[in-house]
Engineer: 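Dropping the structure in here first, questions after.
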Amino acid sequence: MTNPDNQKPAEVADVEAAKTETTTFSAITQRWKREDLIKKASPIMRGFSLVFSLLTFIIMVSNKHGYGRNFDEYEEYRYVLAISIISTLYTAWQTFVHFSKREFFDRRTSILVDFSGDQLVAYLLISAASSAIPLTNRFREGQDNIFTDSAASAISMAIFAFISLALSALFSGYKLSTHSFI
């Protein structure tokens, strides 16, 4: 019997080769999707951290309600303010660098600065929040008022900034581990 199209029947080897090509193509597209997600996720997390750090700064600065109820009378709250300023400046700079598409350092140095900067600022944020929590809890035992509510909201924004920057540090660590330094 002859084939009407004068074509050879598909052989088993051809079918297996097609399956292998499909599997390889699928693996490659999965990797592209993952790398694309990581490229987008890190600046998004830094953007969230920028917003939360800025909110921490604004809430803490506006927390002045008379004698004994001013944030600047307490060292812990001044520390939260200082770290929120540092975090806001760092995340604003990183967001600017990402969206400007300019390279201020070579690629290798930029990846190291991203990773170490994210780690350092995230540590400072959680340190500032954890130093102010006991003072706020002590004040809340006496009475719950707008001063303690403002302090608690600023602390919670600092914790949210820490979480988003810690996630950004994870993405920066992944970029660092997959980058070739040769």
Side-chain angles (χ1 to χ4, degrees), residues 28-64 70-137 148-182:
I28 290 171
T29 57
Q30 289 293 332
R31 182 177 175 147
W32 286 346
K33 288 178 184 177
R34 183 178 62 236
E35 288 176 355
D36 191 42
L37 174 69
I38 290 170
K39 283 181 183 177
K40 291 178 182 175
S42 185
I44 289 171
M45 288 295 114
R46 283 196 186 114
F48 282 139
S49 182
L50 173 63
V51 169
F52 292 135
S53 297
L54 191 60
L55 284 173
T56 302
F57 170 73
I58 291 169
I59 293 168
M60 193 56 77
V61 166
S62 65
N63 197 7
K64 291 189 173 193
N70 292 329
F71 82 92
D72 54 358
E73 295 175 10
Y74 304 99
E75 189 175 325
E76 293 86 348
Y77 294 150
R78 289 193 309 253
Y79 182 52
V80 170
L81 179 68
I83 298 305
S84 70
I85 291 170
I86 291 170
S87 176
T88 301
L89 291 175
Y90 171 76
T91 54
W93 171 255
Q94 287 288 17
T95 305
F96 169 75
V97 166
H98 175 75
F99 288 119
S100 70
K101 305 283 187 199
R102 283 198 259 167
E103 294 287 329
F104 291 95
F105 305 111
D106 65 323
R107 180 92 174 124
R108 186 166 149 193
T109 306
S110 178
I111 291 173
L112 287 170
V113 167
D114 288 351
F115 178 67
S116 57
D118 288 350
Q119 293 269 326
L120 178 69
V121 175
Y123 168 76
L124 289 173
L125 281 167
I126 199 66
S127 170
S130 64
S131 72
I133 288 173
L135 180 66
T136 305
N137 284 340
T148 57
D149 290 344
S150 295
S153 64
I155 292 167
S156 64
M157 290 298 116
I159 291 172
F160 288 145
F162 159 75
I163 291 169
S164 57
L165 204 54
L167 289 173
S168 178
L170 286 175
F171 296 127
S172 298
Y174 177 78
K175 284 184 204 174
L176 182 65
S177 69
T178 58
H179 184 74
S180 174
F181 286 102
I182 298 175

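What you are looking at is a predicted structure, and each value in this text was computed from that prediction instead of being measured.
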Engineer: Quick one: closest heavy-atom pair of L50 and T88, and the distance?
Structural biologist: CD1-O, 3.5 Å
Engineer: Which word best sums up how the rings of F96 and W93 line up, parallel for under 30°, tilted for 30 to 60°, or perpendicular for over 60°?
Structural biologist: tilted
Engineer: Any salt bridge (charged side-chain N to carboxylate O under 4.0 Å, His left out) involving residues 154-177? Give me the pairs, sequence neighbours left out, ordered by first then second residue.
Structural biologist: none
Engineer: So, taking the atom named CD1 in I58 and the one named CG in N63, what distance separates them when rounded to the nearest 0.5 Å?
Structural biologist: 13.5 Å
Engineer: What distance do E76 atom CD and L135 atom CG have between them, rounded to the nearest 0.5 Å?
Structural biologist: 4.5 Å
Engineer: Can you give me the closest heavy-atom contact between V97 and S100, atom names plus distance?
Structural biologist: O-OG, 3.2 Å
Engineer: With sequence neighbours left out, write down each residue that passes side-chain contact (heavy atoms from CB on, under 4.5 Å) with E75, or none if nothing qualifies.
Structural biologist: R78
Engineer: Sub-3.5 Å donor-acceptor pair from the side chain of S127 to the main-chain atoms of Y123, do we have one?
Structural biologist: no
Engineer: So how far is it from F48 CZ to T91 OG1, rounded to the nearest 0.5 Å?
Structural biologist: 13.0 Å
Engineer: Do you know the tightest heavy-atom contact between V80 and T56?
Structural biologist: CG1-CG2, 3.8 Å
Engineer: Could you state the interatomic distance from CG (L176) to CZ (R108), rounded to the nearest 0.5 Å?
Structural biologist: 10.5 Å
Engineer: What salt bridge (charged side-chain N to carboxylate O under 4.0 Å, His left out) pairs are there with at least one residue in residues 81-95, not counting sequence neighbours?
Structural biologist: none
Engineer: With V61, which residues qualify under side-chain contact (heavy atoms from CB on, under 4.5 Å), at least two apart?
Structural biologist: F57, L81
Engineer: S177: what forms a side-chain contact (heavy atoms from CB on, under 4.5 Å) with it, not counting sequence neighbours?
Structural biologist: Y174
Engineer: According to side chain to side chain donor-acceptor pair (under 3.5 Å), who are the partners of D118, at least two apart in sequence or on a separate chain?
Structural biologist: R46, Y90, S168, S172
Engineer: Show me the donor-acceptor pairs within less than 3.5 Å that the side chains of residues 156-166 make with the rest of the protein, sequence neighbours left out.
Structural biologist:
residue, atom, partner, partner atom, Å
S156, OG, A152, O, 3.3
S156, OG, S153, O, 2.8
S164, OG, S49, N, 3.3
S164, OG, F160, O, 3.2
S164, OG, A161, O, 3.1

Engineer: With sequence neighbours excluded, what pairs up with Y79 under the ring pair (Phe, Tyr, Trp, His ring centres under 6.0 Å) test?
Structural biologist: none
Engineer: Which residues pass the side chain to side chain donor-acceptor pair (under 3.5 Å) test with S150, sequence neighbours left out?
Structural biologist: none
Engineer: Holding to side-chain contact (heavy atoms from CB on, under 4.5 Å), I want the full list of residues that pass it with L89, two or more places apart in sequence or in another chain.
Structural biologist: I85
Engineer: Once side chain to side chain donor-acceptor pair (under 3.5 Å) is applied, do any residues pair with S53, and if so which ones, sequence neighbours excluded?
Structural biologist: S87
